[in-house]
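Worth knowing before you read on, the calculation uses all heavy atoms, side chains too, and leaves out hydrogens, waters and symmetry mates.
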Amino acid sequence: MPDKYTAAIIGTGGIASCHMGYYLANERIEFVGAADINPQSLRAFGEKYGVRNLYTDWQKLLEELRPDIVSICTWSATHPQITIAAAQAG
């Protein structure tokens, strides 16, 4: 088991802040990036939490960052596609 896990959030709206709070409180989590199709929401999230790796394409986030943990904070209808892609990304 690794000493630290990397984590990312896809979808930076309301519930994402709750997920981020847990990540920030856990010393074994290194938060690596966030994605959202809404550039304003993404930018605001990045500024609020000091996140530098920001993506408007969640697939690019998965490809480039390859996080160990992914919080999917998008609309429910998008969860299956993103969950499968995250699992396939490793």
Side-chain angles (χ1 to χ4, degrees):
M1 184 160 42
D3 291 335
K4 280 204 169 215
Y5 293 92
T6 57
I9 290 176
I10 298 174
T12 57
I15 197 67
S17 288
C18 181
H19 287 243
M20 190 63 167
Y22 288 108
Y23 290 142
L24 293 174
N26 189 325
E27 62 189 34
R28 295 190 63 205
I29 300 291
E30 176 188 355
F31 191 80
V32 294
D36 199 298
I37 60 171
N38 181 323
Q40 292 84 9
S41 176
L42 182 61
R43 187 170 37 257
F45 186 85
E47 289 173 4
K48 181 175 181 178
Y49 295 108
V51 180
R52 287 179 280 207
N53 296 315
L54 302 173
Y55 297 82
T56 54
D57 179 343
W58 59 265
Q59 293 162 317
K60 190 171 180 180
L61 176 146
L62 292 175
E63 180 184 313
E64 291 184 5
L65 301 181
R66 300 187 54 82
D68 299 310
I69 302 166
V70 179
S71 285
I72 302 169
C73 301
T74 58
W75 292 99
S76 296
T78 65
H79 288 187
Q81 176 189 12
I82 299 170
T83 300
I84 292 167
Q88 290 173 337

Q: Could you pull out the closest heavy-atom pair between Ile69 and Tyr5, with the gap in Å?
A: CD1-CB, 3.9 Å

Q | Taking every non-hydrogen atom, the tightest pair across Ala89 and Arg66 | A | O-NH1, 2.6 Å

Q | Taking every non-hydrogen atom, the tightest pair across Ala16 and Gly11 | A | CB-O, 3.2 Å

With a 3.5 Å cut-off and sequence neighbours excluded, list the donor-acceptor pairs that the side chains of residues 33-44 form with protein atoms.
from	atom 1	to	atom 2	distance (Å)
Asp36	OD1	Asn38	N	2.7
Asp36	OD2	Thr12	N	2.6
Asp36	OD2	Thr12	OG1	2.9
Asn38	OD1	Gln40	N	2.9
Asn38	OD1	Ser41	N	3.0
Ser41	OG	Thr12	OG1	2.9

**Q.** Contact check, side chains of Phe45 and Ile9, non-hydrogen atoms, under 4.5 Å
**A.** yes

Q | Single-linkage hydrophobic cluster Phe31~Ile10, side-chain heavy atoms < 4.5 angstrom | A | no

Q: Could you please spell out the steps behind the side chain to side chain contact (heavy atoms under 4.5 Å, CB included) verdict for Glu64 and Asn53?
A: CA-CA 10 Å; Glu64 291 184 5; Asn53 296 315; over 6 Å; no

Q) Which residue pairs satisfy the side chain to side chain donor-acceptor pair (under 3.5 Å) criterion with at least one member in residues 21-33, sequence neighbours excluded? A) Tyr23-Ser71

(Q) Between Tyr49 and Trp58, is there shared hydrophobic-cluster membership here, with clusters defined by ILVMFWY side-chain heavy atoms closer than 4.5 Å? (A) no

(Q) Tell me the closest heavy-atom pair linking Ala8 and Leu61, and the distance in Å. (A) CB-CD2, 3.8 Å

Q | OG1 on Thr6 to CG on Asp68, rounded to 0.5 Å | A | 3.5 Å

Q. Does atom NZ of Lys4 have more than 12 heavy-atom neighbours from other groups under 6.0 Å away?
A. yes

Q) Is Tyr55 reachable from Leu62 through a run of hydrophobic residues whose side-chain heavy atoms are each under 4.5 Å from the next? A) yes

**Q.** Transitive ILVMFWY side-chain link Ile29 to Val70, under 4.5 Å
**A.** no

Q: Please list all pairs passing the side chain to side chain donor-acceptor pair (under 3.5 Å) test where one or both residues lie in residues 78-90, with sequence neighbours left out.
A: Thr74-Thr78

